[in-house]
Amino acid sequence: MIARPNARDAETPQPEAWHTLPRAEAERILLTGPEGLQEDEAERRIAFYGPNRLAPPKRRGPLLRLLMQFHNVLLYVMIAAAVITAFLGHWVDTGVLLAAVVVNAIIGFIQEGKAEAALDAIRAMLSPHATVIRGGLRREIDAAALVPGDLVLLSSGDRVPADLRLAAVKDLRVDEAALTGESVPAEKNADTVAHDAPLGDRCGMAYSGTLVVYGQARGFVVATGAATELGKISGMLAGIRSVATPLLRQVDRFGRLLALAILAFSAATFAVGTLWRGHAPAEMFMMVVALAASAIPEGLPAIMTVTLALGVQRMARRSAIIRRLPAVEALGSVTVICSDKTGTLTRNEMTVQRVVCGGHVFDVGGVGYAPVGDFSVDDHIVDTDRYPAFELAIRAGVLCNDARLREDEGLWSVEGDPTEGALLVMGAKAGFTQHAGEAAWPRLDSIPFESEHRFMATWHRDADGESWIFVKGAPERVFEMCDAQLDHDGEHPLDVDYWRRMATDTAAQGLRLLALACRRSAPAGDRLGFADVETGYVLLALVGIIDPPREEAIEAVGECHHAGIRVKMITGDHAETARAIGAQLAIGIGKPAVTGAEIALMDDAALRRVAMEVDVFARASPEHKLRLVQALQDDGQVVAMTGDGVNDAPALKRADVGVAMGMKGTEAAKEAADMVLADDNFATIAAAVREGRAVYDNLKKFVLFMLPTNGGEALVVIAAILFELALPLTPAQVLWINMVTSSTLGLALAFEPAERDIMHRRPRPPGEALLSGFFVWRVLMVSVLMMTGALGLFLWELDKGVGIETARTMAVNAVVVAEMFYLVNSRSILAPVANREGLTGNRYVLVAIAACIPLQIAFTHTAPMQAVFGSTDLTALEWAKVVGAGLLVFCGAELEKFIIRRTRLATRLGLRQPPAY
Ligand code: ATP
């Protein structure tokens, strides 16, 4: 095909006219056909049209983002104070205040940038895919690579990736609410409509951004990117939603309240200091400004966001892509994980192992998708030619099939549904290839497989022109359609008891079941409809397919059990298969499996009882999933639920953490989910729970670090004012401490790895308040320890007769060193840190401390700093005393942890719960 984008320009009808053109005409204009575009042609077109992407919504520019950092109560106070000090002629104070303002704003700017970058990277991972036919071959490509002329395949659950002129349609229904606001899905066909038909009536078109809720279709891309109808009316569809999570909001509110309280308190201190203690108002003013600046935890919300964003990034590295940030918190308190079986707990590498057909049980040799393996009956290798019923069953399995078997440099793979792939491999082992089969018996129509009806049917014409309908599906469904069975000596009435026995027997071995049947007649109409697959079928075979559990899923289920999380398997598969596979995974051992049909008979109260008791739910459909989530939630559980189909969306939305499959999941499921598993693997959910718990832990650690460090500094000054002591810190020095330590040291805790026993704790109660009684105690205790160290040292030195400058320099250094030590304490809330792992396990902590040391040395020993801050040189002994004050805090905090651990107070305070199992 020749690239003629320019000629196309001349020929392209007005974009709105595509719906008026018959398919053939559209194909002619787009220079495409039933084979789609050739790869090289698509490449040429993408160079011309650009990627199929909408421009991202406009972001605030860096300058505006920097300026926005000044929009903060604390900085207002500091700027006002700087203006006042300038009026008073206190130039040094003005300079320090302004420097503190700028440093705070820059740190906020950098933190925000980091959080944004982390989330951006994740947005990019969620880019949608499209199935196209290029050069006659079906392939999955990034939706951004679509070009006009591409032939796109749609099936239920897909988001339409570009504007399409539909060429072939099978029961297609599309939810166009995104575009037209119409909530009832629109029925589609390949017809043309009048030029002035409104968007919602253009049945021959599928528009970018709308959602396929049912059926299948193929269509040619007529517009991409900004040229699509969606591109014309709006920006991007929802990506990651707002950054605020319940916890962040809680902290934000707390931070604001605290700031107000501190401002009020500072005003009171000002009044006490000037009126009662007789300090000069100008001096007191500076002091309370410095005090407020050091006590207000201005970095709190920013660092919390960074901690969350880093957690999200760590999860993404482990293939768990978070779509909504609150899910990170919810993950940490999940008590039940409901998981699909196929592909999530199992490998989804299917191999037919057993075929019951014509009164025989055939064992099929070989593993994986390589079509190498023998057929045997009672351990004797047999030739399939001798079994006509088996031959027909193999034909049915290969023809009633949408998958493709491929070989690439000796490696065999399946494109499409692995269950169907297994049938193709079996066919190839018997020497029956799909290509030859389809050429001899062309397909005239089909009913695709959907989880709801659990079967697939195809209509073919054989070499003699006779019609055949093949069905394959869940045995119970197929048995219902059959009244006869094909044995090797011909047709006989169906012995349904025999088949049910064989089905239970095969399923009990953990094999997935499919039944194959056929009917030698044409459909009633000219299309294959549901009425044609009700009765009159001849049962050909029962196929048992092995799909072994994933090794890592077995481990992950064990880990979840240790972490006090129940794992439930909710599958569309047969009850016995589900139970057998469940047992291999340690899910529901020794308990019965409940089927979807049984769930349907239960009222909500009964279901609530069963939902907690039973761990394996079989033959369950999406509506059962939804009821199960509700039942579990009514029981007080925090539920993570997996799903992949379009109908799973309500259950995913309802669950506390909806988890969609990244590989086999539909776009609809992904959009409804809070988290997408890039590898469809159960182990990834367990890893995400672990990270979720770690993030929450780190948030707590950060609060436990930040509040006492601010509090300690404030206490030093307040105590001095109240007890009429010489001020141990000057206002400029307080601001210096704030500048050096606040928001910088604590950030290191965002990088804290998960503690070793994190998956041995019980799930955190949902809605647990961050600031528990224990937190208040820890904050007070450490604040007092810090004050004792710094103020004690200051008074002791003064008492010994050293100059006030030296005593103050020592007090400043004592506060900063105490914060450095306490940062190490804060690496764990209860576990000891006076060991190798505790001291060196987080290199960011070491880097943060190492960065503060030269600043303090400069503060103490360089002339310009001494001039600004009134500091002086310290001797080695004085430095040793400073470090001693820091050690006091370190040892005090470790001792408190030790006592809590020893006295089992931890359990009573709800800080640690006994292991679940
Ligand atoms: P899970 O919900 O754990 O992913 P599942 O994949 O087994 O389980 P479904 O895909 O709904 O659930 O399949 C349900 C049943 O439908 C299967 O047990 C099988 O008998 C039948 N089935 C599955 N795939 C096909 C198919 N492509 N064609 C016909 N029947 C199928």
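One-based numbering, in listed order, for ligands and for the atoms of each.
Distances from ligand 1 to the non-hydrogen atoms of E452 include no value under 4.0 Å. Under a 4.0 angstrom heavy-atom cut-off, R619 registers as being in contact with ligand 1.
Heavy atoms of E476 found under 4.0 angstrom from ligand 1: none, in either backbone or side chain. Using a 4.0 Å cut-off between heavy atoms, D417 contacts ligand 1 through its side chain alone, with no backbone atom that close.
Annotation: K653, atom NZ; neighbour count of heavy atoms from other residues, nucleotides and ligands within 6.0 Å does not exceed 12.
For the residue pair Q637 and R566, no side-chain donor N or O sits within less than 3.5 Å of a side-chain acceptor on the partner. Using modelled atom types, one finds no donor on one side chain facing an acceptor on the other under 3.5 Å when comparing N401 with Q434.
In this structure, CG in D615 is found 12.0 Å from OG in S339, a value given to the nearest 0.5 Å.
The nearest heavy-atom contact from the protein to atom 31 (C) of ligand 1 is F449 CE1, 3.1 Å. Scanning the protein for heavy atoms near atom 3 (O) of ligand 1, the closest one is K341 N, 2.6 Å. The shortest contact between atom 19 (C) of ligand 1 and any protein heavy atom is with L513 O, 3.5 Å. Of the protein's non-hydrogen atoms, the one nearest atom 9 (P) of ligand 1 is S451 OG, 3.9 Å.
Checking only distances, D644 never comes within under 3.5 Å of ligand 1, N or O to N or O. For a threshold of 3.5 Å applied to N or O pairs, the pair formed by G572 and ligand 1 contains at least one separation below that value. Where the criterion is an N or O separation shorter than 3.5 Å, residue side chain and backbone included, H574 fails it with respect to ligand 1.
Applying the 4.0 Å criterion to heavy atoms of R512 picks out, from ligand 1, the atoms 5 (P), 6 (O), 7 (O), 23 (C), 24 (N).
In this structure, the side chain of D644 does not engage the main chain of A669 through any donor-acceptor pair within 3.5 Å.
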